[in-house]
Peer 1: 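One structure follows; several queries about it will come next.
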Amino acid sequence: MNYTLEQSQSKLIVKDLEHFNIKHIFECGQCFRWYLEEDGSYTAIAGGMVANFLQEGTTLYVEGVKEKEWRGFWHNYFDLDRDYGKIKEELSLDPILKEAITFGYGMRLLNQDPYETIISFIISANNQIPRIKKAVEAIANDLGDYIRTYRGRDHYSFPEPGALAEKTEEYIREAYRVGFRADRLREVSRRIADGEFDTSCIFDIEHKDAKELLTTLPGVGPKVSDCILLFAFDKGEAFPVDVWVKRVMEYFYFKRPATKKELEDSGERLFGSLAGYAQQYLFYYARELGIGK
DNA sequence: GTCCAGGCTTTCC
DNA sequence: GGAAAGCCTGGA
């Protein structure tokens, strides 16, 4: 993408951002480590950094990030090498998606840390976004490294797998309020820490095989697996079917109740290799408008 | 092999 | 008090 970077005193100014809206990006449910500040800016923790983003039009004011860090981390985190204009054009051939894209025009799929994403989405099962955010934050505050204090809040990085693997199920359940998910978090962390499960190889295998491999982890079913693949492993064809996607697909496309398999297959059938992008536009659209509820 | 009901922790609306 | 970005188990 052709944008320009400017360093102005303590802030980094990113100009001429296209297909980029910080609210759409953080509030489409793909990421849990962010805070909406009173001035409408977003503070996010990623890559061992705490950054604050305030968007005005196509300009982004960034606090806490140096130019080198933007180029070395945030550029890729925000998926800025991808041509969203082309993706949106192709998906807009579908009239329903055209509407969803008009609504969430600035959504981008973040490239997030694999382990943090795996843990976050195991926690997401049968859970609500505010609670998921609290649990992820509690884990980081307890086991992560202190980064800095910003607007009165202390921020910590997300820990390495070994840290959670060392804790007991009881401790994890009570300290982070994750209920029945506690032992899954411990076991998955242990497998990754011990090298039993190699996350890096998932980048190199195709979506279907990657999904099968991830679902061998306790707490990772088809939906959670597709979320992890879409948000951390660059698998744009992954189509996570959650309650909102079920609602929106039944409401707009099937116009009747659909089976689990019909819903899972509909991503590839309707949107092909862009199913994951379609899913995000539809999810944001459905949830913000309460469609099918 | 596939499908489905019931249970699961806790909090938020 | 029901619902929540579901998964796991057991049984048909």
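The chains referred to below are lettered A, B, ... by the order of the sequence lines, with proteins before strands, and numbering in each begins at 1.
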Peer 1: Ring pair (Phe, Tyr, Trp, His ring centres under 6.0 Å): which pairs involve residues 205-228 of chain A, sequence neighbours left out?
Peer 2: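 Ring pair (Phe, Tyr, Trp, His ring centres under 6.0 Å) check on residues 205-228 of chain A returns no pairs.
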Peer 1: Taking distance alone, no hydrogens or angles, what donor-acceptor pairs closer than 3.5 Å link side-chain atoms of residues 213-224 of chain A to residues at least two apart or in another chain?
Peer 2:
residue  : atom : partner  : partner atom : Å
A/Thr215 : OG1  : A/Lys211 : O            : 3.0
A/Thr215 : OG1  : A/Glu212 : O            : 2.8
A/Thr216 : OG1  : A/Leu213 : O            : 2.6

Peer 1: Should A/Glu6 and A/Lys15 count as an ion pair when the cut-off is N to O under 4.0 Å?
Peer 2: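 Looking at A/Glu6 and A/Lys15, the cut-off is met.
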Peer 1: With P as the reference atom in both, quote the distance from B/dG6 to C/dG2 in angstrom, rounded to an integer.
Peer 2: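 Looking at atom P only, B/dG6 and C/dG2 are 16 Å apart.
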Peer 1: For C/dC7 versus B/dC12, give the span between their P atoms, rounded off to a whole number of Å.
Peer 2: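 C/dC7 and B/dC12 have their P atoms separated by 22 Å.
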Peer 1: Determine, stepwise, if the pair A/Glu137 / A/Tyr35 fulfils side-chain hydrogen bond (donor to acceptor under 3.5 Å, both in side chains).
Peer 2: CA-CA 11 Å; A/Glu137 181 185 41; A/Tyr35 304 87; 2.5 Å; yes
Peer 1: Please test A/Trp34 against A/Thr43 for side chain to side chain contact (heavy atoms under 4.5 Å, CB included), starting from the C-alpha separation and ending with a verdict.
Peer 2: CA-CA 5 Å; A/Trp34 55 267; A/Thr43 301; over 6 Å; no
Peer 1: Stem finding on DNA chain C, please: runs of three or more consecutive Watson-Crick or G-U wobble pairs, both distances under 3.5 Å, sorted by first number.
Peer 2: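 Consecutive-pair runs (3 or more) involving DNA chain C: B:2-8 with C:6-12, B:10-13 with C:1-4.
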Peer 1: For DNA chain B, which nucleotides open and close the run of contacts to chain A, 5' to 3', at under 4.0 angstrom from a non-hydrogen atom?
Peer 2: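 First-to-last contact on DNA chain B, by the 4.0 Å heavy-atom rule, is B/dC8 to B/dC12.
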Peer 1: Rounded to whole angstrom units, what separation is found between the NZ atom of A/Lys246 and the P atom of C/dA3?
Peer 2: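 Result: 14 Å.
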Peer 1: Is there a side-chain hydrogen bond (donor to acceptor under 3.5 Å, both in side chains) between A/Glu18 and A/Tyr3? Walk through the geometry before answering.
Peer 2: CA-CA 8 Å; A/Glu18 290 183 299; A/Tyr3 62 84; over 6 Å; no
Peer 1: Any pair with a residue in residues 268-288 of chain A that passes side chain to side chain donor-acceptor pair (under 3.5 Å), sequence neighbours left out, goes on the list, sorted by first then second residue, please.
Peer 2: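 Residue pairs with at least one partner in residues 268-288 of chain A: A/Arg82-A/Tyr277.
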Peer 1: Could you tell me which residues satisfy side chain to side chain contact (heavy atoms under 4.5 Å, CB included) with A/Thr102, sequence neighbours excluded, listed by chain and number?
Peer 2: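 In terms of side chain to side chain contact (heavy atoms under 4.5 Å, CB included), with neighbours along the sequence ignored, A/Thr102 is linked to no residue.
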Peer 1: Between A/Glu250 and A/Lys246, is there a side-chain N and carboxylate O pair less than 4.0 Å apart?
Peer 2: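 Answer for the salt bridge query: yes.
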Peer 1: How do A/Cys28 and A/Pro218 order along DNA chain C: which one's closest nucleotide is nearer the 5' end?
Peer 2: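 Counting from the 5' end, the first nearest nucleotide belongs to A/Cys28.
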Peer 1: A/Leu109 has an atom CG; how far is it from atom P of C/dA5, in whole Å?
Peer 2: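 Atom-to-atom, A/Leu109 to C/dA5, this comes out as 19 Å.
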Peer 1: B/dT9 and C/dG10: how far apart are their P atoms, nearest whole angstrom?
Peer 2: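 So the two P atoms sit 15 Å from each other.
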Peer 1: Please work out whether the ring planes of A/Trp74 and A/Tyr77 are parallel, tilted or perpendicular, with thresholds of 30° and 60°.
Peer 2: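 It falls in the perpendicular class, over 60°.
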Peer 1: Give every residue pair that meets the side chain to side chain donor-acceptor pair (under 3.5 Å) criterion with at least one member in residues 178-197 of chain A, sequence neighbours excluded.
Peer 2: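 The answer is A/Tyr115-A/Ser189, A/Asp183-A/Arg186, A/Glu187-A/Arg190, A/Glu187-A/Arg191, A/Arg190-A/Asp194, A/Arg190-A/Glu196.
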Peer 1: Run the ring-centre check on A/Phe20 versus A/Phe53 and record whether the distance is less than 6.0 Å.
Peer 2: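 Aromatic pair excluded; centres sit 6.0 Å or further apart.
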Peer 1: Just to be sure I understand the geometry, which residues of residues 112-128 of chain A put a non-hydrogen atom under 4.0 Å away from DNA chain B?
Peer 2: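 A/Asn126, A/Gln128 - these, ordered by number, are the residues of the stretch whose heavy atoms sit under 4.0 Å from the strand.
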Peer 1: Output yes when A/Asp39 and A/Arg151 qualify as a salt bridge under the 4.0 Å nitrogen-oxygen rule, no when they do not.
Peer 2: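 Looking at A/Arg151 together with A/Asp39, the answer is yes, because their closest N to O distance falls below 4.0 Å.
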Peer 1: Return the residues of residues 168-185 of chain A meeting this criterion: a heavy atom under 4.0 Å from some atom of DNA chain B. Order them by number, or give none.
Peer 2: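 Only A/Arg177, A/Gly179, A/Phe180, A/Arg181 qualify.
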Peer 1: Check side chain to side chain contact (heavy atoms under 4.5 Å, CB included) between A/Ser157 and all other residues, then give those that pass, not counting sequence neighbours.
Peer 2: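 Here the qualifying residues are A/Asp145, A/Ile147.
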Peer 1: Considering every strand and a 4.0 Å limit on heavy-atom distances, what is the contact class for A/Gly219: base, sugar-phosphate, or nothing?
Peer 2: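 Since only primed, P, OP1 and OP2 atoms lie under 4.0 Å of A/Gly219, the category is sugar-phosphate.
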Peer 1: How close or far is atom C1' of C/dA5 from atom NZ of A/Lys133, stated in whole angstroms?
Peer 2: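 Interatomic distance, NZ of A/Lys133 to C1' of C/dA5: 14 Å.
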Peer 1: So which of residues 253-284 of chain A are in contact with DNA chain B, with a heavy-atom cut-off of under 4.0 Å?
Peer 2: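 When residues 253-284 of chain A is checked for heavy atoms under 4.0 Å from DNA chain B, there are no hits whatsoever.
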Peer 1: Salt-bridged, A/Lys86 to A/Glu90, with N to O below 4.0 Å?
Peer 2: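 Salt bridge between A/Lys86 and A/Glu90, a charged N being under 4.0 Å from a carboxylate O: no.
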Peer 1: Are the side chain of A/Lys235 and the backbone N or O of A/Ile202 linked by a donor-acceptor pair below 3.5 Å?
Peer 2: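 The answer is yes, because a donor-acceptor pair under 3.5 Å joins these two groups.
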Peer 1: Measure centre to centre between the rings of A/Tyr105 and A/His24, then say whether the value is under 6.0 Å.
Peer 2: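 Yes - the distance between ring centres of A/Tyr105 and A/His24 falls below the 6.0 Å cut-off.
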Peer 1: Assign A/Leu217 to base, sugar-phosphate, or nothing according to its heavy-atom contacts below 4.0 angstrom with the strands shown.
Peer 2: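 Counting heavy atoms under 4.0 Å across all strands, the contact made by A/Leu217 is with sugar-phosphate only.
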Peer 1: Below 30° counts as parallel, above 60° as perpendicular, anything between as tilted: where do the rings of A/Phe32 and A/Phe121 land?
Peer 2: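 Plane angle between 30° and 60°, so tilted.
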Peer 1: Find the distance A/Asp226:CG to C/dA5:C1' and express it as a whole number of Å.
Peer 2: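 Rounded to whole Å, this separation is 12 Å.
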Peer 1: Which atom pairs link the protein and nucleotides 9-12 of chain C when you take only N or O atoms and keep those under 3.5 Å?
Peer 2:
none

Peer 1: Just the rounded figure in Å: distance from P of C/dG6 to CZ of A/Arg131.
Peer 2: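 It is 12 Å, rounded to the nearest whole Å.
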Peer 1: Can you tell me if A/Tyr150 has over 12 outside heavy atoms packed within less than 6.0 Å of its OH?
Peer 2: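 Buried by this count: over 12 neighbours within 6.0 Å.
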